[in-house]
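The structure appears below as structure tokens.
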Amino acid sequence: MDVLHFVLLSFVLLISVSNGMAAGRFKRAPFCKTRIDLAFVIDSSRSISRNDFKKQMQFVNDIVDFLDVGSDETRVAAVSFSNHLFPQFGFNDYTTKTDVLTAINGIKHSMGDATRTYLALEHTHQKLFAPGNGERPDVVDVVVVLTDGATNPGSYDRLTGSQGRQQTQKEAALVKERGAYIFAIGVGRGVNVDELNGISSDPDQRFTIQVSGFSELNSDEVKQMLLKRACVEIETTPAPTPPPTTTPEQKEVECNELLADIFFVLDHSSSLKTEGNFNKTLNFVTGVIDYLHVSPTETQVGALKFSNIPEMQFHLTDYTDKQDVAKAVSRIKWKGGNTFLDKALRMLRTEGLNKAYGSREDVPQIAVIITDGVSTDPYATKLELKQLHSLNYILFAIGVGPDRNPEELARIANNPNNVFEVESLNGLQAIRESLVTRICAERVRAPVDIKKP
């Protein structure tokens, strides 16, 4: 969007909003034509009075009323929280504005005695934005968090207030790692500004909004502010994770006949530096899984991670649908250590793609190996690769970052087309479609070529 286009669109938007609010009420005709997947995270703790909670929900209602809502337009989801998590509805649950507004009006004020914000944010990235739950990879993801105070675990978790706030920051970071923008809206004097800024995508880019009370929140000016930023300004802000160009329809065409056992082998060594960086790897993996038909009769998926020692995360038969596999991937933790790839390859052969642990006869046995450096014991790695290649396993090698070793990546893959290299973890999303295309092409491989340990 060029500067002139942005200025004109902003001007038209402001006129539309001011006209629509002239009588202090929104008109129902939507002016925001931007397609987004929008999730509301709503505080329903008892520090909010009944009257103020109604004002908060009127705010949510009016924001949705200004959007084009539909399965091919904007999709809406919601979760509320206080002492417990209260899932409300997901992106696939309602496809019309009328149904979404009805669901919003049905959200109850729980009046819980704690503010466990981290539970709602965890639900947001693990459930609402999980692959297969209605979030679209080619549409911008937006989260609006509404709260009147700071995170307060109460007596429900073994967390202090400070630890609870840290957990909220961690879960917010995972939401942002998925590529979503977070608007954090704090209402009243009890808000912790540092926590609010940490939740939001970027306070300097105006993703943090503070108001004095719920009457101000429910004002035309604040609604106009959020809509303008979500519908116009977000288009000029670089996305945290570039969305893929593949549409859901293309996805089904490319991979709807794949019958294979696929194992992800994930480097979680210290060179990744932070858990946030490792989570970029996990987001990439869940994105790849979203292209697959996961079931006992189609594609089976397993995963292990490695550093000093390999650790099996789940076997091929542990999870039988896409959502459960993606959830299991999102739970994998980063520890750090060295890069003993040889040990990981041995576990892949003996406990991963092995019929004793659920792999099937006469289907392609595929491993996707992601590493950001060279193996700690290259000689032992060569020996393990020799065994895997003799079994006709199909190995993909993905090297990430400046320390990747092209020669070792070429040794890992048994086909030059199965080697991928990216300059940083942020570049993983750009190769997702190419990797899926290569994996799905393996369905034409002759089953008799596969040898089983």
Side-chain angles (χ1 to χ4, degrees), residues 260-274 277-278 280-282 284-285 301-316 332-357 359 364-425 427-428 431 435 438-439 442 445 449-453:
D261 293 333
I262 302 177
F263 234 90
F264 290 90
V265 180
L266 310 177
D267 182 350
H268 73 116
S269 57
S270 296
S271 52
L272 289 168
K273 295 184 172 59
T274 68
N277 283 336
F278 182 61
K280 293 179 182 179
T281 300
L282 301 184
F284 170 73
V285 172
V301 178
L304 65 89
K305 66 179 181 180
F306 69 96
S307 56
N308 290 333
I309 60 172
E311 297 179 41
M312 182 62 63
Q313 299 305 297
F314 54 92
H315 291 99
L316 293 167
I332 299 174
K333 301 300 182 184
W334 173 72
K335 290 184 180 179
N338 294 307
T339 311
F340 283 97
L341 176 59
D342 59 298
K343 298 177 182 179
L345 297 175
R346 188 178 304 119
M347 177 174 280
L348 172 69
R349 174 171 54 83
T350 59
E351 297 182 37
L353 295 174
N354 187 297
K355 61 184 178 182
Y357 292 89
S359 70
Q365 303 294 293
I366 299 173
V368 178
I369 300 160
I370 306 176
T371 180
D372 75 329
V374 64
S375 59
T376 303
D377 189 341
Y379 179 73
T381 297
K382 289 180 183 178
L383 294 179
E384 289 298 331
L385 286 171
K386 184 176 181 180
Q387 292 199 58
L388 288 172
H389 291 163
S390 70
L391 295 168
N392 286 336
Y393 285 4
I394 303 163
L395 304 184
F396 290 83
I398 301 178
V400 183
D403 296 328
R404 65 188 187 274
N405 186 315
E407 292 182 1
E408 184 167 74
L409 295 173
R411 283 196 295 271
I412 293 172
N414 42 11
N415 184 328
N417 293 327
N418 291 358
V419 176
F420 296 85
E421 297 185 61
V422 294
E423 294 299 322
S424 70
L425 290 161
L428 283 172
I431 67 168
L435 174 65
R438 285 292 307 149
I439 289 175
E442 297 299 341
R445 184 179 174 86
D449 288 344
I450 302 298
K451 298 178 182 179
K452 305 292 289 187

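In this chain, numbering begins with 1 at the start of the sequence shown.
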Contacts table for residues 337-347: side-chain donor-acceptor under 3.5 angstrom, sequence neighbours left out:
{"from": "Asn338", "atom 1": "ND2", "to": "Asn308", "atom 2": "OD1", "distance (Å)": "3.1"}
{"from": "Lys343", "atom 1": "NZ", "to": "Asn308", "atom 2": "O", "distance (Å)": "3.3"}
{"from": "Arg346", "atom 1": "NE", "to": "Glu384", "atom 2": "OE2", "distance (Å)": "3.1"}
{"from": "Arg346", "atom 1": "NH2", "to": "Glu384", "atom 2": "OE2", "distance (Å)": "3.4"}

Pairs satisfying salt bridge (charged side-chain N to carboxylate O under 4.0 Å, His left out), at least one member in residues 372-382, at least two apart: none
Donor-acceptor pair between Ser375 and Glu408 side chains, under 3.5 angstrom: yes
Atom pair CD1/CZ of Ile332 and Phe278 - distance to nearest 0.5 Å: 5.5 Å
Derivation and outcome, side chain to side chain contact (heavy atoms under 4.5 Å, CB included), residues Asp261 and Ile366: CA-CA 6 Å; Asp261 293 333; Ile366 299 173; over 6 Å; no
Leu316 and Tyr357, any side-chain heavy atoms less than 4.5 Å apart: no
Residue pair Pro310 / Lys305, side-chain heavy-atom distance below 4.5 Å: no
Summary of salt bridge (charged side-chain N to carboxylate O under 4.0 Å, His left out) pairs that have at least one residue in residues 397-406, sequence neighbours excluded: Arg404-Glu421, Arg404-Glu423
Residue pair Phe396 / Ile369, side-chain heavy-atom distance below 4.5 Å: no
Contact summary for Leu409 and Gly399, nearest pair of heavy atoms: CD1-CA, 3.7 Å
Audit row: Ile370, Asp267, side chain to side chain contact (heavy atoms under 4.5 Å, CB included) steps and yes/no: CA-CA 6 Å; Ile370 306 176; Asp267 182 350; 5.8 Å; no
Student check: side-chain heavy atoms of Leu266 and Thr371 closer than 4.5 Å: no
Side-chain touch Ile412/Val419, heavy atoms, less than 4.5 angstrom: no
Side chains of Leu435 and Phe284 in contact at under 4.5 Å (non-hydrogen atoms): yes
Leu272 backbone acceptor or donor facing Asn277 side chain under 3.5 Å: yes
Heavy-atom pair with the smallest gap, counting every atom of Ile394 and Asn414: CA-ND2, 3.7 Å
Point-to-point distance, once rounded to the nearest 0.5 Å, from OH of Tyr393 to CZ of Phe263: 10.0 Å
Approximate separation, where rounding is to 0.5 Å, of Ser269 OG and Trp334 CH2: 9.0 Å
Side chain to side chain, Leu348 and Leu304, heavy atoms closer than 4.5 Å: yes
Separation of Asn354 CG from Arg349 CZ (nearest 0.5 Å): 9.0 Å
Polar side chain donor-acceptor pair, Asn418 to Arg438, under 3.5 angstrom: yes
Heavy-atom side-chain proximity of Phe264 to Val301 below 4.5 angstrom: yes
Nearest heavy atoms of Leu425 and Val400, plus distance in Å: N-CG1, 3.5 Å
Heavy-atom pair with the smallest gap, counting every atom of Ser307 and His268: OG-NE2, 3.3 Å
Interatomic spacing from NZ in Lys386 to OG1 in Thr381 - rounded to 0.5 Å: 15.0 Å
Interatomic distance, Gln313 atom CD to Lys333 atom NZ [nearest 0.5 angstrom]: 11.0 Å
